Amino acid sequence: MARRTSIADIARMHAEDRRITMITAYDYTSAALVERSGIDMILVGDSLGMVMQGRDSTLPVTVDDIIYHTKMVMRGAQRPLVISDLPFMAYAETSDALRNAGRLMAEAGCQSVKLEGGASRVATIKALIAEGVPVMGHLGFTPQSVNTIGMKVQAREADAAAQLMRDALALQEAGCWAVVFELIPAPLAKAITERLDVPTIGIGAGPDTSGQVQVWHDLLGLYEDFVPRHTRRYRTLADEALGGLDEYAADVRSGAFPTDANSSKMDDDVLAAALAAIDDEAGR
Ligand code: KIV
């Protein structure tokens with residue numbers, strides 16, 4: 001069995017200029033597939049609120065939800081580095097962050113947490129790292145702030161771009177081992193990546209970050225209706241699944257499934273004895 005990828009392994013890849021791959025996964029089955037792929041890291045993202053729970057945003061996701069999903073992922077994959085999101089309001093105060101990150105690592109077994117926000121998070125990040133919790137940062141479009149910043153590309157203007165740069169440097173200075181950039185202009189992501197020592201992981205941030213992350217359901221086409229611009233759909237599994245479901249229902253309705261091949265046999269004598277015993281008990 002392959003050894004689990006560590007943060008030091010990712011730092012080494014970055015030092016060697018090798019691109020880093022990351023995908024979200026939320027359960028045993030998807031994690032087992034990532035295990036078999038060559039993907040380096042799994043994010044148990046709070047995007048699970050939308051793609052697994054069918055909610056409108058990530059805001060309702062709880063620490064217990066993340067623990068539940070991380071445990072399944074840890075059982076499914078033994079090789080990739082696993083990072084779990086600290087959900088909305090789980091790190092508003094440093095004491096909350098310490099308690100909740102401790103639960104994610106000790107109860108669920110992830111190797112790092114991820115949290116959203118820039119310079120204002122520095123004290124919390126330092127406190128987490130001091131207690132042995134590695135932290136991945138997340139800047140740009142930060143979904144937990146969707147109601148204040150809107151779901152759109154961030155840092156298009158000079159002031160906001162400079163602030164994002166300051167935030168990225170503050171996260172690095174605080175000790176984050178990597179930073180996710182979500183929905184920011186590609187040239188800005190490139191410029192900040194060149195100024196940071198730690199790896200940057202992009203989603204909707206262009207090709208020049210140190211690595212990329214995508215949401216499982218977007219990448220594999222599990223929803224028919226919506227393909228975000230920052231995604232490339234590598235498969236359309238929804239079509240495959242629907243084809244299978246339609247064929248299954250048609251076969252059940254026509255009697256084509258199940259057949260003898262899907263059924264267990266029983267000797268006629270054994271069945272007759274069982275029926276006789278029941279008839280006997282019923283006094284027939
Ligand atoms: O929750 C998530 O899936 C994320 C990624 C989009 C980076 O934060």
Side-chain angles (χ1 to χ4, degrees), residues 10 20-27 30-31 34 39-63 65-70 72-73 77 80-91 100-101 104 108 110-118 121 134-147 149-155 164 167-168 171 176-184 189 192-193 198-206 209-220 222-223 226-233:
I10 299 298
I20 301 158
T21 52
M22 178 167 169
I23 185 154
T24 67
Y26 315 99
D27 63 10
S30 51
V34 180
I39 292 177
D40 304 306
M41 309 196 284
I42 292 179
L43 172 65
V44 185
D46 58 2
S47 50
L48 69 86
M50 300 168 88
V51 297
M52 299 294 287
Q53 299 175 337
R55 300 181 187 268
D56 289 341
S57 77
T58 61
L59 272 57
V61 175
T62 65
V63 173
D65 290 337
I66 301 277
I67 289 174
Y68 174 77
H69 287 275
T70 301
M72 291 188 274
V73 164
L81 176 65
V82 177
I83 301 121
S84 297
D85 258 339
L86 276 168
F88 181 59
M89 286 295 159
Y91 51 102
N100 291 321
L104 292 183
C110 66
Q111 295 155 280
S112 172
V113 300
K114 175 169 80 59
L115 57 77
E116 299 179 5
R121 304 286 185 203
V135 181
M136 173 180 256
H138 185 157
L139 295 173
F141 173 64
T142 44
Q144 293 169 16
S145 304
V146 64
N147 292 306
I149 63 176
M151 189 184 280
K152 58 178 194 248
V153 175
Q154 305 290 313
L164 198 121
D167 282 335
L171 293 183
C176 284
W177 62 273
V179 183
V180 168
F181 289 156
E182 181 165 358
L183 295 187
I184 64 169
I192 306 179
T193 298
V198 297
T200 59
I201 308 294
I203 173 165
T209 49
S210 323
Q212 298 289 328
V213 58
Q214 285 285 309
V215 170
W216 179 273
H217 295 63
D218 295 342
L219 193 85
L220 296 177
L222 280 157
Y223 295 113
F226 177 58
V227 187
R229 177 163 176 221
H230 59 264
T231 287
R232 181 178 295 166
R233 185 175 269 191

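When a residue number appears, it is its place in the shown sequence, counting from 1. Whatever order the structure lists ligands and atoms in, that order sets their numbers, starting from 1. Keep in mind that this is a model prediction, so the values were computed, not measured.
- Between F181 and the choices L139, V213, I203, I201, the side-chain contact (heavy atoms from CB on, under 4.5 Å) rule is met once, by L139.
- Within the 4.5 Å cutoff, the side chain of S47 has no heavy atoms near those of the H217 side chain.
- With a 4.0 Å cut-off on non-hydrogen atoms, D46 touches ligand 1 through its backbone as well as its side chain.
- With T70 contributing its side chain and I66 its backbone, the two residues share a donor-acceptor pair below 3.5 Å.
- Y223 OH: more than 12 foreign heavy atoms inside a 6.0 Å radius.
- The proximity of T58 to ligand 1, defined as any non-hydrogen pair under 4.0 Å, does not occur for either the backbone or the side chain.
- Nearest protein heavy-atom neighbour of atom 8 (O) of ligand 1: K114 NZ, 2.9 Å.
- Nearest protein neighbour of atom 5 (C) of ligand 1, counting heavy atoms only, is L43 CD2, 3.7 Å.
- The proximity of D85 to ligand 1, defined as any non-hydrogen pair under 4.0 Å, is limited to the side chain.
- Applying the 4.0 Å criterion to heavy atoms of G45 picks out, from ligand 1, the atoms 1 (O), 2 (C), 3 (O).
- For ligand 1, the atoms closer than 4.0 angstrom to any heavy atom of E182 are 6 (C).
- When only non-hydrogen protein atoms are considered, atom 2 (C) of ligand 1 lies nearest to S47 OG, 3.2 Å.
- Residue contact check: T24 has heavy atoms under 4.0 Å from atoms 3 (O) of ligand 1.
- At distances below 3.5 Å, at least one donor-acceptor pair connects side-chain atoms of Q212 with backbone N or O atoms of G206.
- Exactly one of P134, S112, C110 qualifies for a side-chain contact (heavy atoms from CB on, under 4.5 Å) with I83. That residue is S112.
- One N or O on the side chain of Q144 and one on the backbone of L86 form a donor-acceptor pair closer than 3.5 Å.
- Proximity of E116 to ligand 1 is not established, as no heavy-atom distance is less than 4.0 Å.
- For ligand 1, the atoms closer than 4.0 angstrom to any heavy atom of I203 are 6 (C).
- Side chain of T24 to main chain of L43: no donor-acceptor pair is present (N/O by atom type, distance under 3.5 Å, no hydrogens or angles).
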